[in-house]
Number of protein chains: 2
Amino acid sequence: MKISEVSEQSGLSIDTLRYYEKIGLLPAVNRTDSGIRNFNELDLRRVNFIKCMRAAGLPIEVLIEYYALVQQGDDTTEARKAILVEQRTQLLARMAEMQETLDLLNHKIEVYENAVLKND
Amino acid sequence: MKISEVSEQSGLSIDTLRYYEKIGLLPAVNRTDSGIRNFNELDLRRVNFIKCMRAAGLPIEVLIEYYALVQQGDDTTEARKAILVEQRTQLLARMAEMQETLDLLNHKIEVYENAVLKND
DNA sequence: CCTTGACTTAGAGTTAACTCCAGGTTGTAA
DNA sequence: TTACAACCTGGAGTTAACTCTAAGTCAAGG
């Protein structure tokens, strides 16, 4: 699978995919004889997982750390799980903050709808 | 109210408060004769509103635009409301993405808990 | 008065995460 | 076989949002 296809499928730009490989977030992707990237099924799944995590605000650094442990294999499962649990905690905190903002926004909009308030 | 107190109360750094004033997100705050900032109740409310919006990811640029309309006063209410509605839409979209990520994270963690999977 | 800590400014530096560029190679359709 | 689009690399540039620095002024306690 060519990089353009992966880009289209994942919604990440081609530059971003190359960037992710360069910094080690993606493993060195297989190449054709002439040096063109050839993503496999596993690469694709990883790209999509990363896409999802990044969309929720998980830092690249954390994902690199996570995949370093995956790479290491032999019983890093506890450490990996710890990372995921920690990130879930932070994600929940962000979601709670956003819910508060949403409530406030809803309230403000309602006020505008009722045209009660002119300035604020 | 001194900048240090506003900082403490709001959780924004002193530098950030000065930065917000510099770029026009906060209006020119009143000063003592010797030039020291003296935040009033309205400033404080605005700081807290901004803090809340920023925490949910609303761009500074949008908030500046919003307050420019507030400043303008005379029937910019429709435009203001439109901004808030648009930002609410985007916020809901982000929250939905985060919910997806949360689900995936929960699933992964569960897998680790059941120690079914060793690598992924 | 003197020190010390909080305040001021303009402007430079930082960080994360891309995004773009120049200059070169490859694959494919006419 | 010649265009021409898509690929490649290393490295520079961009963006948002701070964060820090230097050099100076101000306020309050001893």
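Convention: sequence-line order gives letters A, B, ...; per-chain numbering from 1.
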request  = Assign B/Ile23 to base, sugar-phosphate, or nothing according to its heavy-atom contacts below 4.0 angstrom with the strands shown.
outcome  = nothing

query = Given atom CD1 of A/Ile50 and atom C1' of C/dC18, what is their separation to the nearest angstrom?
reply = 14 Å

request  = Take atom CZ of B/Arg18 and atom P of C/dA12, then tell me their distance rounded to the nearest Å.
outcome  = 18 Å

message = Rounded to whole Å, how long is the line connecting atom CG of B/Leu17 with atom C1' of C/dC7?
response = 13 Å

ask   = Under 4.0 Å between a side-chain N/O of B/Ser13 and OP1 or OP2 of D/dC18, yes or no?
value = no

ask   = Roughly how far, to the nearest 0.5 Å, is the CG atom of A/Asn106 from the CZ atom of B/Arg88?
value = 5.0 Å

key: Nearest-0.5 Å distance that lies between atom CD in B/Glu110 and atom NZ in A/Lys81   = 11.0 Å

note = Hits for side-chain hydrogen bond (donor to acceptor under 3.5 Å, both in side chains) against A/Ser7, two or more places apart or cross-chain, chain-then-number order -> none

inquiry  = Rounding to an integer number of Å, can you tell me how far A/Lys2 NZ sits from D/dA5 P?
reply    = 14 Å

key: Summary of salt bridge (charged side-chain N to carboxylate O under 4.0 Å, His left out) pairs that have at least one residue in residues 19-33 of chain A, sequence neighbours excluded   = A/Glu21-A/Arg31, A/Glu21-A/Arg37

So which protein N/O to nucleotides 15-17 of chain C N/O distances come out below 3.5 Å?
{"residue": "C/dA17", "atom": "OP1", "partner": "A/Arg54", "partner atom": "NH1", "Å": "3.4"}

request  = Please name all residues satisfying side-chain hydrogen bond (donor to acceptor under 3.5 Å, both in side chains) with A/Gln99, sequence neighbours left out, ordered by chain then number.
outcome  = A/Asp103

inquiry  = What's the separation between atom CG in A/Asp43 and atom CG in A/Leu26, rounded to the nearest 0.5 Å?
reply    = 7.0 Å

task = Could you please name the option among C/dC7, D/dC7, C/dC18 that lies closest to any side-chain atom of A/Thr16?
result = C/dC18

request  = Just jot down the side-chain hydrogen bond (donor to acceptor under 3.5 Å, both in side chains) partners of B/Arg46, sequence neighbours excluded, or say none.
outcome  = none

Rounded distance (Å) that lies between atom P of D/dT19 and atom CD of B/Glu21 = 18 Å

ask   = side-chain contact (heavy atoms from CB on, under 4.5 Å) with A/Glu86: which residues, sequence neighbours excluded?
value = A/Gln90

request  = Round to a whole Å and report the spacing from CD of A/Glu5 to P of C/dG27.
outcome  = 15 Å

note = With five pairs defining each end axis, the helix from C/dC1-D/dG30 to C/dA30-D/dT1 comes out bent, to 10°, by 0°

message = Tell me the interatomic distance from A/Ile14, atom CD1, to C/dC20, atom P, rounded to whole angstroms.
response = 12 Å

query = Quick one: side-chain contact (heavy atoms from CB on, under 4.5 Å) partners of A/Glu8, sequence neighbours excluded?
reply = none

remark   = When rounded to the nearest 0.5 Å, the distance separating CG of A/Leu58 from CG of A/Leu63 is 5.5 Å

Are any protein N/O atoms closer than 3.5 Å to N/O atoms in nucleotides 10-13 of chain D? If there are, list each pair with its distance.
{"residue": "D/dG11", "atom": "N7", "partner": "A/Lys22", "partner atom": "NZ", "Å": "3.4"}

ask   = How long is the span from the CE atom in B/Met53 to the CD atom in A/Glu100, to the nearest 0.5 Å?
value = 10.0 Å

task = Using the salt bridge (charged side-chain N to carboxylate O under 4.0 Å, His left out) rule, collect all pairs that involve residues 50-61 of chain A, keeping only residues at least two apart or in two chains.
result = none

Which donor-acceptor pairs under 3.5 Å do the side chains of residues 9-17 of chain B make with protein atoms, sequence neighbours left out?
{"residue": "B/Gln9", "atom": "OE1", "partner": "B/Asn48", "partner atom": "ND2", "Å": "3.1"}
{"residue": "B/Ser10", "atom": "OG", "partner": "B/Val6", "partner atom": "O", "Å": "2.8"}
{"residue": "B/Ser10", "atom": "OG", "partner": "B/Leu12", "partner atom": "N", "Å": "3.1"}
{"residue": "B/Ser13", "atom": "OG", "partner": "B/Asp15", "partner atom": "N", "Å": "3.4"}
{"residue": "B/Ser13", "atom": "OG", "partner": "B/Thr16", "partner atom": "N", "Å": "3.0"}
{"residue": "B/Ser13", "atom": "OG", "partner": "B/Thr16", "partner atom": "OG1", "Å": "2.9"}

request  = Name the orientation class of the two ring planes belonging to A/Tyr66 and A/Phe49 (parallel below 30°, tilted from 30 to 60°, perpendicular beyond 60°).
outcome  = tilted

ask   = Among residues 27-39 of chain B, which contact DNA chain C at a heavy-atom distance under 4.0 Å?
value = B/Arg31, B/Gly35, B/Ile36, B/Arg37

